[in-house]
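For clarity, every value in this text was computed on a predicted model and none was experimentally measured. Naming: A, B, ... by sequence-line order, numbering from 1 per chain.
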2 protein chains.
Amino acid sequence: MSERKKNIEGTRPGIVADLQPSDDQSAIVRKLGAISLLSQEEIDFLEGLQNNTLAIAAGTDFITDGNDLRTTFIMMEGWAKRYVLLPSGRRQILSYVLPGDILGLHVNFRSKATYSAAALTDCKVAVVDPRRMLEISQKFPVLAAGLSWCTAREFAILGDQAVRLGRLGAQQRIAHLLLELRSRMRLIGETNGEWLDFPMTQADLADTLGLSIVHVNRQLMDLRQRKIITLERDHVHLDDVKALSEMSHFDFEHLAEFQI
Amino acid sequence: MSERKKNIEGTRPGIVADLQPSDDQSAIVRKLGAISLLSQEEIDFLEGLQNNTLAIAAGTDFITDGNDLRTTFIMMEGWAKRYVLLPSGRRQILSYVLPGDILGLHVNFRSKATYSAAALTDCKVAVVDPRRMLEISQKFPVLAAGLSWCTAREFAILGDQAVRLGRLGAQQRIAHLLLELRSRMRLIGETNGEWLDFPMTQADLADTLGLSIVHVNRQLMDLRQRKIITLERDHVHLDDVKALSEMSHFDFEHLAEFQI
DNA sequence: CGGCCAATTGATTAAACTCAATCTGCGTGG
DNA sequence: CCACGCAGATTGAGTTTAATCAATTGGCCG
């Protein structure tokens, strides 16, 4: 049984995922397969890329801001956070890394990481030589287009983060982030109805959304009391997706999950 | 005389740029040339890419959120802003587009723009078929690495924007943005001592930094009274770069202008 | 059972927002 | 040449949102 399946079922026994992708495919294959029709050869290449894996325990840093970064990582299982620390001691989480996401796709000969990354849950990560990623554009045009799509999507996600931080109120920011994570998890088939994994602490959430912990807590309480979300340890249920999208102006088209 | 040179000298007569790159090279050649040694063939290819140009008047939108975007643009002269509008009428500016910057590098067959873009000054833009950008990775490894570096840099810049919005105070945000623009303009040789082009209105700044116009105005006034910056129409002088960097935790290494 | 991390709650303070004018430079039409 | 209009900048006053400070609670692990 995959880590992913175990996770969900372990926490919500008796509830069976309504969308169960073939469990033998890696997350990135499910992700790229959701937007383009992949040949067996392309799938095999992607799976072969991920032979060299690394297990990372929850809480462990695996990329450090300012250090050399000459490796590409593909998140296979688990969640991570990408963040920066300021000299003042404050922290800004830039984005969450979900299964199928790539880190360090655009590393260069002399490049240093411009962020740190830490595992939120126990993770399984593929370690890939960036030159093998370059190979893709030569040999597999469809995969190259897929990677380009991933890059454009990362930009859109980071742009949404800027919109949240700059122009939404506290509760709107929370709602907007929840819907983003829902969209991203649905694309890779890792949702269970409206249940989502939710491994971050309220302190993480505060540092993601540019708020204080206390304020995050109060706004979460309010969302729960109004029966818009249900929070459990490590999981959240979106009881009222419509309310969330209306309050946050979330644009479902924006990160559209183009099916073929 | 190039538009760029004319711009600077027209506003600050008598002041001669201390760093004057060869004026016959396009901005993107100056940018990539600053981080790698380009052969004449590579330079010629880049210049050839930019044969099909478009003049865009200040204030004109040239990319619209949600519309098809199947073209790559290279900014040759002038500034633009990349932004999104929310249904509430609020606006968030994601980043500024400076000479040498590329827009739509990762467009796909079916991709829609996830942001709008408008010219801040009169602009000269090269219109490029995205397939020609793909050609690069096949034929010119050095240029391919350069484009990859551009992409990584865009991510770093957008990440910095998130840090500003999430974890810096109002005046810190202004200082940090000024230093980012200074770094970027220095890389392409378009600064004149500590004078910078500054074509955005205070309303633009407010929508960039997630603040109200009134508050931006008050913080700018304070920076001026403390002799940290000097503001003129369309130009700003950074009187005290040290104060700006100390107050904003700006990391000069982060967007380091690696010279060869 | 003690210790620790995360979550929760109350009270007060501070930063930034909104509303409402006013001012300034600049271009235009009469 | 000058009055008018407009966009952008500036200022004042009162309000709102979210931050800070300070406890307290709830689980979980050793």
Expressed in angstrom and rounded to an integer, what is the separation of B:D234 atom CG from D:dA7 atom C1'?
13 Å
Between A:S116 (side chain only) and A:D65 (backbone N and O only), is there a donor and an acceptor less than 3.5 Å apart?
yes
Please state whether the phosphate of D:dT10, meaning OP1 or OP2, lies under 4.0 angstrom from any side-chain nitrogen or oxygen of B:N217.
yes
Salt bridge check, B:K227 against B:D239: does any charged N sit closer than 4.0 Å to a carboxylate O?
no
Take the protein atom CD of A:E232 and the nucleotide atom C1' of C:dA7, then report the distance between them rounded to whole Å.
16 Å
Anything under 30° is parallel, anything over 60° is perpendicular, the rest tilted; go ahead and classify B:W79 against B:Y96.
tilted
Euclidean distance, atom CD1 of residue B:I213 to atom P of C:dT18 [Å, nearest integer]:
10 Å
Salt-bridge contact A:D240-A:R226 (side-chain N to carboxylate O under 4.0 Å)
no
Determine the contact category for A:G59: base if any of its heavy atoms lies under 4.0 Å from a base atom, sugar-phosphate if only primed atoms, P, OP1 or OP2 are that close, otherwise nothing.
nothing
Base, sugar-phosphate or nothing for B:R167? Non-hydrogen atoms, less than 4.0 Å.
nothing
In terms of side-chain geometry, is the basic nitrogen of A:R82 or A:D101 positioned less than 4.0 Å from the acidic oxygen of its partner?
no
So what does B:T201 hit on the nucleic acid, given a heavy-atom distance under 4.0 Å: a base, only sugar-phosphate, or nothing?
sugar-phosphate
In whole Å, what is the span from the NE2 atom of B:H215 to the P atom of C:dC19?
17 Å
Nearest-Å distance for atom pair CE/P, residues A:M200 and C:dC5:
21 Å
Would you mind checking if A:R167 and B:D207 are paired as a salt bridge, meaning a charged N to carboxylate O distance below 4.0 Å?
yes
Give a yes or no on whether the ring-centroid distance for A:H176 and A:F250 is below 6.0 angstrom.
yes
Please list, in numerical order, the residues of residues 218-226 of chain A that have a heavy atom closer than 4.0 Å to any atom of DNA chain C.
A:R218, A:M221, A:R224
To the nearest angstrom, the CD-P distance between A:Q202 and D:dT25 comes to 18 Å
Sorted by position of nearest nucleotide on DNA chain D, 5' first, the leading residue of A:Q171 and A:V214 is A:Q171
Can you find a side chain N or O atom of B:R233 that sits less than 4.0 Å from OP1 or OP2 on D:dA7?
no
In whole Å, what is the span from the CG atom of A:D207 to the P atom of C:dA6?
12 Å
Without decimals, in angstroms, what is the distance between A:L168 CG and D:dT16 P?
21 Å
